[in-house]
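Any value given below was found using the heavy atoms of this structure, including those in side chains, with hydrogens, waters and symmetry copies removed. Quick note: residue numbers are just sequence positions, from 1.
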Amino acid sequence: NGKIIATAIIYYIKIAIRGRPYALLEGFIVDENYRRLGVGTALFEKSIEVAREKNCYKMIFTSGTDREDAQKFYEKLGFKKWGLEFRKDL
């Protein structure tokens with residue numbers, strides 16, 4: 001029906017010292033009506049596949065501290081909590 005049910009944007013950031021880019025995932029959203037149906041897993045797997053094709057050495061993204069269910073989902077996919085995000089809204 002042409003309805004967008006999920007989105008993901010990948011930015012590739014080149015790191016000269018590494019000689020390879022890393023993937024920054026933004027805007028990863030699955031419509032609430034389509035959650036727990038495999039859509040998010042499929043989109044994450046495709047995002048990882050595309051990042052590997054671009055020779056990225058890692059993929060990173062942020063998640064709000066209050067999003068415990070989402071974080072459990074990310075950990076199931078093999079992601080680890082790493083570091084802290086420092087932010088200043090402009």
Closest non-hydrogen atom pair, [X] against [Y]:
X   : Y   : result
P21 : N55 : CD-O, 3.8 Å
T62 : E85 : CG2-OE1, 3.4 Å
I10 : S47 : CD1-O, 3.7 Å
G40 : V30 : CA-CG2, 3.8 Å
D69 : R36 : OD2-NH2, 4.1 Å

Is [X] linked to [Y] within one hydrophobic cluster, defined over Ile, Leu, Val, Met, Phe, Trp and Tyr using a side-chain heavy-atom separation of less than 4.5 Å?
X   : Y   : answer
L84 : L24 : no
L77 : F61 : yes
I29 : I9  : no
V50 : I60 : no

F28 and F44 aromatic ring geometry - parallel, tilted or perpendicular at 30°/60° bounds: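 Plane angle between 30° and 60°, so tilted.
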
Mutual orientation of the aromatic rings belonging to Y57 and Y22 [parallel < 30°, tilted 30-60°, perpendicular > 60°]: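 Geometry flag for Y22 against Y57: perpendicular rings.
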
[atom1] ([X]) with more than 12 external heavy atoms under 6.0 Å:
X   : atom1 : value
I13 : CD1   : yes
R20 : CZ    : yes
E53 : CD    : yes
K54 : NZ    : no

Intermediate values then yes/no, side chain to side chain contact (heavy atoms under 4.5 Å, CB included), R67 and F73: CA-CA 10 Å; R67 304 200 60 231; F73 169 68; over 6 Å; no

Side chain to side chain contact (heavy atoms under 4.5 Å, CB included) evaluation trace for K3 with D31: CA-CA 10 Å; K3 179 180 179 182; D31 183 302; 3.6 Å; yes

Short side-chain to backbone donor-acceptor contact, Q71 and D66, under 3.5 Å: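 Looks like no, no N/O pair under 3.5 Å.
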
Gap separating the [atom1] atom of [X] from the [atom2] atom of [Y], nearest 0.5 angstrom:
X   : Y   : atom1 : atom2 : answer
R35 : I5  : CZ    : CD1   : 11.5 Å
I48 : C56 : CD1   : SG    : 11.5 Å
S63 : L25 : OG    : CG    : 11.0 Å

Salt bridge E49-K46, side-chain N to carboxylate O under 4.0 Å: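 Here E49 pairs with K46 in a salt bridge, since their nearest N and O are under 4.0 Å apart.
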
